[in-house]
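Comments concern the structure below.
Remember, it's 1-based here, ligands and their atoms both numbered in the order they're listed. We're numbering straight along the sequence, starting at 1. Side-chain atoms are counted along with the backbone in the values below, which use heavy atoms only and exclude waters and symmetry mates.
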Amino acid sequence: MRIIDSHTEGEPTRLILDGGPPLGGGSLHARRECLVAQFDDVRWAVAHEGLVGALLCAPQEPASTAGVIFFNEAGPLGMCGHATMGLAVSLYHLGHIDLGRHKFETPVGSVTADLKTAHDVAVENVESYRHRAGVTVEVDGMGPIVGDVAWGGNWFFLARRSPVALEPENIGALTQAAAQVRQALAAQGITGADGAEIDHVEFFGPPQGPPENPGANARNFVLCPDGAYDRSPCGTGTSAKLACLAADGKLAPGEGWVQESITGSRFEARYVLSDAGAVRPTIIGSAYVTGEAQDLMGELARASAAS
Ligand code: PYC
């Protein structure tokens, strides 16, 4: 298996270039189901160090650059904003694509990565929307937490206030609080559309960027399904936030939003409205290649035999 690693605003991505499991043809959704049903050990082995894996696939449409299935240690993801940036930067680094716009098929729809430079990418995400507003979830020891349920390529609960101050020294307590919220959502039957599990929890607070670099609109903390927090501001979580801001009339089409992560990294974001009135977010950030490896599965087998 040949892989390339990258970092996007603090969050790692591991792209499988070739040698991945044979998933057959069909839609990216069907191939994602095949990955989970038949090759879950491969998915786990690639992503178990707390990174997001991206399996490069042949696209269905000739106009697409590639198909991609994102996953982490817990299972497959719908979309992943930071990893799409890592994907585009990695393919450019290898000389597989030029600067400019590239369409990628994902299991939840096609997205576009506009590679502006070797590192700067604007990702036009899938249509995003708020499913439920002002939902109250009762969390033991925390009381009622009010938030919105929204889709940004994954399902999010966006809490209106963070139960713990959004400071890096509180990451342990934030992770625990967000995990409790996620458990409470499931226990109280609060879901996304069609009963979909809400597997990402997002807390918001005021931005805390350094005085020499002001201008973020909000800081977030995002708990991912594998129990790890997102070091980046989370592309799909930022998309879900834009959908909520749009629904509340707090952000107009084309208006900029700067989302800061708990680590202080940032994504710029804005949205357009489709002809049908749906929110189509664009998330802008930077990614850097950090490593390349050949024979990853052989290395993992040797490491596990030696330990
Ligand atoms: O950037 O969309 C994102 C993301 C999802 C999970 C981790 N990062």
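Contact record, E105 with S110: CG-OG, 3.7 Å, taken as the closest heavy-atom pair.
The 12-atom threshold is not exceeded at CD of Q176, counting heavy atoms of other residues, nucleotides or ligands nearer than 6.0 Å. Around atom CG of D140, no more than 12 heavy atoms belonging to other residues, nucleotides or ligands sit under 6.0 Å away.
By the salt bridge (Lys or Arg N to Asp or Glu O under 4.0 Å) test, E73 is found to be paired with no residue, residues two or more places apart in sequence or in another chain being considered.
Near ligand 1, C80, G81, H82, H200, C224, D230, C234, G235, T236 each place a heavy atom less than 4.0 angstrom from the ligand.
Taking the six-membered ring for Trp and thresholds of 30 and 60 degrees, W155 and H131 have ring planes more than 60 degrees apart, a perpendicular arrangement.
The backbone N or O of P12 sits less than 3.5 Å from a side-chain atom of H82, completing a donor-acceptor pair.
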